[in-house]
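Encoded as structure tokens, the structure appears first; notes follow it.
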Amino acid sequence: MVLLNLFLYFLFAIVQSSSCCKEFIMKLHEVEKCAPSSDWNVLYWVLGSILMPVALPLAIINLWQRFRAQKYRNQLPGKVVLITGASSGLGESLAHVFYRAGCKVILAARRVQELERVKSDLLALDVDPAYPPTVLALDLAELNSIPDFVSRALAVYNQVDILINNGGISVRADVASTSVDVDLKVMVVNYFGTVALTKALLPSMVKRQSGHICFISSVQGKFAIPQRAAYSASKHALQAFADSLRAEVANKKMYVSCVSPGYIRTQLSMNALTGAGSSYGKMDETTAKGMSPDKLAERILQCIMRKEPDIIVSDLQAKIAYYLRHFLPSVYFWIMAKRALKLEKAEKKAN
């Protein structure tokens, strides 16, 4: 009896309390009163002996993460957060989430006019405390300009507490039809630009022995799919960089998170490049049906508050593909070959 009660307590601590959970517990107690004691003794033994050793540690870890997250959330007001790619999509949603949390947000992107629009939207919110957002122009493809950009960013508040590397571009083309110039551009923006920005900001964080760097990667940085070679390669590189950096700064009271989302309902496919380097200009069906950027932004805030090192935020299909790639690679390769053939036929039919 004691084991089962403890199990239920920690099990429901994992999920947020709701009227459904409370109703379920009440029904469970009602059934318990009516059931023969011998049957329930067996159930208690099964739950206590088999499930408890698994559920209890998971519940304790989850409770500890929640405690740390709440503690850090109370420290968020006044934190300086630099967000790249903040002019639209996920970057814009992240700006709203951290601004509402009381942070001092620095918005960075190429399109300054759009950044000013985001700034105006933020200032219209009823937030307390509220700090006027700062707008800074940033082109991740211009590597030589990044040190100067970091100097300007640091001059605003003399520090950056959280760097969210969100800026990037995608590509829609197979390997054979993708020019090397496109491969290079995608790698420069998604990888080298992000690396240059991180390295330029890193010394100030190391000096203060404080800071959190978050890389917005993709599930395609965990496994590759057809017609995304350039994009996947840049995200694979970003994943490796994040893993190495995390280990190197662990003893400096700094944190590194890598977030790998699935499809997001943004303009990413519209702004993607073709193999020749022109604008793709189409909304993919998978992108249109993707997750809400606002919802993902909330999850990223939670990731940073919990100091989670690496998370995947996607639907079940992407998670299955991820595990197939690692545990049943032959099956994964077969599925991807079929997908590539299907895409090739669809492209020929469209042309």
Side-chain angles (χ1 to χ4, degrees), residues 16 65-138 140 148-167 197-198 200-201 204-205 208-216 253-255 257 259 261 264-267 291-308 313:
Q16 295 181 352
Q65 286 181 332
R66 286 173 180 269
F67 171 77
R68 289 181 64 190
Q70 185 58 45
K71 180 182 177 181
Y72 192 70
R73 190 180 189 96
N74 295 334
Q75 299 172 353
L76 270 180
K79 292 287 186 182
V80 182
V81 183
L82 171 57
I83 306 169
T84 67
S87 59
S88 63
L90 178 58
E92 182 176 351
S93 295
L94 286 166
H96 278 260
V97 164
F98 281 91
Y99 182 77
R100 289 199 303 268
C103 296
K104 301 171 181 177
V105 295
I106 300 177
L107 311 175
R110 290 182 300 110
R111 298 178 297 169
V112 176
Q113 187 175 352
E114 285 301 302
L115 290 177
E116 292 291 350
R117 175 189 60 79
V118 175
K119 177 181 178 178
S120 298
D121 291 344
L122 295 180
L123 291 173
L125 299 175
D126 183 15
V127 173
D128 184 31
Y131 303 93
T134 300
V135 167
L136 293 177
L138 169 66
L140 289 170
D148 178 64
F149 166 81
V150 169
S151 297
R152 289 185 287 122
L154 289 174
V156 179
Y157 295 109
N158 296 318
Q159 67 187 61
V160 170
D161 298 297
I162 302 170
L163 167 62
I164 304 181
N165 287 303
N166 171 69
L197 176 58
T198 301
L201 193 57
S204 66
M205 290 185 169
R208 295 174 52 242
Q209 294 281 290
S210 176
H212 196 136
I213 300 171
C214 180
F215 298 93
I216 308 302
K253 298 181 181 180
M254 293 173 56
Y255 301 90
S257 297
V259 179
I264 315 168
R265 200 160 58 247
T266 65
Q267 297 295 306
M291 74 183 82
S292 162
D294 294 338
K295 183 177 180 181
L296 177 58
E298 290 285 353
R299 180 65 183 93
I300 292 170
L301 173 66
Q302 184 183 65
C303 168
I304 291 175
M305 289 192 302
R306 291 184 175 188
K307 296 179 172 57
E308 295 176 278
V313 188

Between Cys214 and Ile304, what is the shortest heavy-atom contact and its length?
CB-CD1, 4.1 Å
Just one of Leu122, Val135, Ile162 clears the side chain to side chain contact (heavy atoms under 4.5 Å, CB included) bar with Val105, so which one?
Leu122
Would you kindly say whether Ser93 and Asp294 are connected by a side-chain donor-acceptor distance under 3.5 Å?
yes
Ignoring hydrogens and angles, state whether a donor on the side chain of Thr198 or Asn165 is under 3.5 Å from an acceptor on the partner side chain.
yes
Tightest non-hydrogen contact, residues Ala108 and Leu115, listed as C-CD1, 3.9 Å
Of the non-hydrogen atoms in Ser204 and Leu154, which two are nearest, and what is the gap between them?
OG-CD2, 3.9 Å
The complete set of salt bridge (Lys or Arg N to Asp or Glu O under 4.0 Å) pairs with one or both residues in residues 85-98, sequence neighbours excluded, reads Glu92-Arg117
Can you tell me how far CD1 of Ile106 sits from CG of Leu136, rounded to the nearest 0.5 angstrom?
6.0 Å
Please walk me through it: do Ile264 and Leu296 pass side-chain contact (heavy atoms from CB on, under 4.5 Å)?
CA-CA 8 Å; Ile264 315 168; Leu296 177 58; 3.4 Å; yes
Supply the atom-to-atom distance Lys79 NZ to Cys103 SG, rounded to the nearest 0.5 angstrom.
9.0 Å
State, to 0.1 Å, how close Thr266 and Gly89 come at their nearest heavy-atom pair, and which atoms those are.
CG2-CA, 3.9 Å
What's the separation between atom NZ in Lys104 and atom CG in Leu76, rounded to the nearest 0.5 Å?
13.0 Å
Carboxylate-amine/guanidinium proximity below 4.0 Å for Glu116 and Arg111:
no
So if I apply the side chain to side chain contact (heavy atoms under 4.5 Å, CB included) rule between Leu301 and each of Val81, Leu94, Val97, which one comes out positive?
Val97
To the nearest 0.5 Å, how far apart are CG in Asp121 and NZ in Lys119?
12.5 Å
What's the verdict on side-chain contact (heavy atoms from CB on, under 4.5 Å) for Gln209 and Met254, showing C-alpha distance, side-chain angles and the deciding distance?
CA-CA 7 Å; Gln209 294 281 290; Met254 293 173 56; over 6 Å; no
If I compare all heavy atoms of Ser87 with all of Val118, which pair ends up nearest, and what's the gap?
O-CG2, 3.9 Å
So, Asp161 side chain and Gly211 main chain: donor-acceptor pair closer than 3.5 Å or not?
no
Just verifying a value: how many Å separate Arg152 CZ and Thr134 OG1, rounded to the nearest 0.5 Å?
11.5 Å
Side chains of Asn166 and Phe215, heavy atoms from C-beta outward: is any pair under 4.5 Å?
no
I'd like to know whether Leu125 forms a side-chain contact (heavy atoms from CB on, under 4.5 Å) with Tyr99, so could you lay out the CA-CA distance, the side-chain angles of the two residues, the decisive distance to 0.1 Å, and finally the verdict.
CA-CA 9 Å; Leu125 299 175; Tyr99 182 77; 4.0 Å; yes
Using side chain to side chain contact (heavy atoms under 4.5 Å, CB included) as the criterion, point out the one residue from Leu197, Thr84, Leu140 that pairs with Phe149.
Leu197
Between Glu308 and Arg299, is the closest basic N to carboxylate O distance under 4.0 Å?
yes
Kindly determine whether Lys253 and Ser210 satisfy side-chain contact (heavy atoms from CB on, under 4.5 Å), including the steps that lead there.
CA-CA 6 Å; Lys253 298 181 181 180; Ser210 176; 5.9 Å; no
So which atom in Ser257 and which in His212 form the shortest heavy-atom distance, rounded to 0.1 Å?
OG-NE2, 2.8 Å
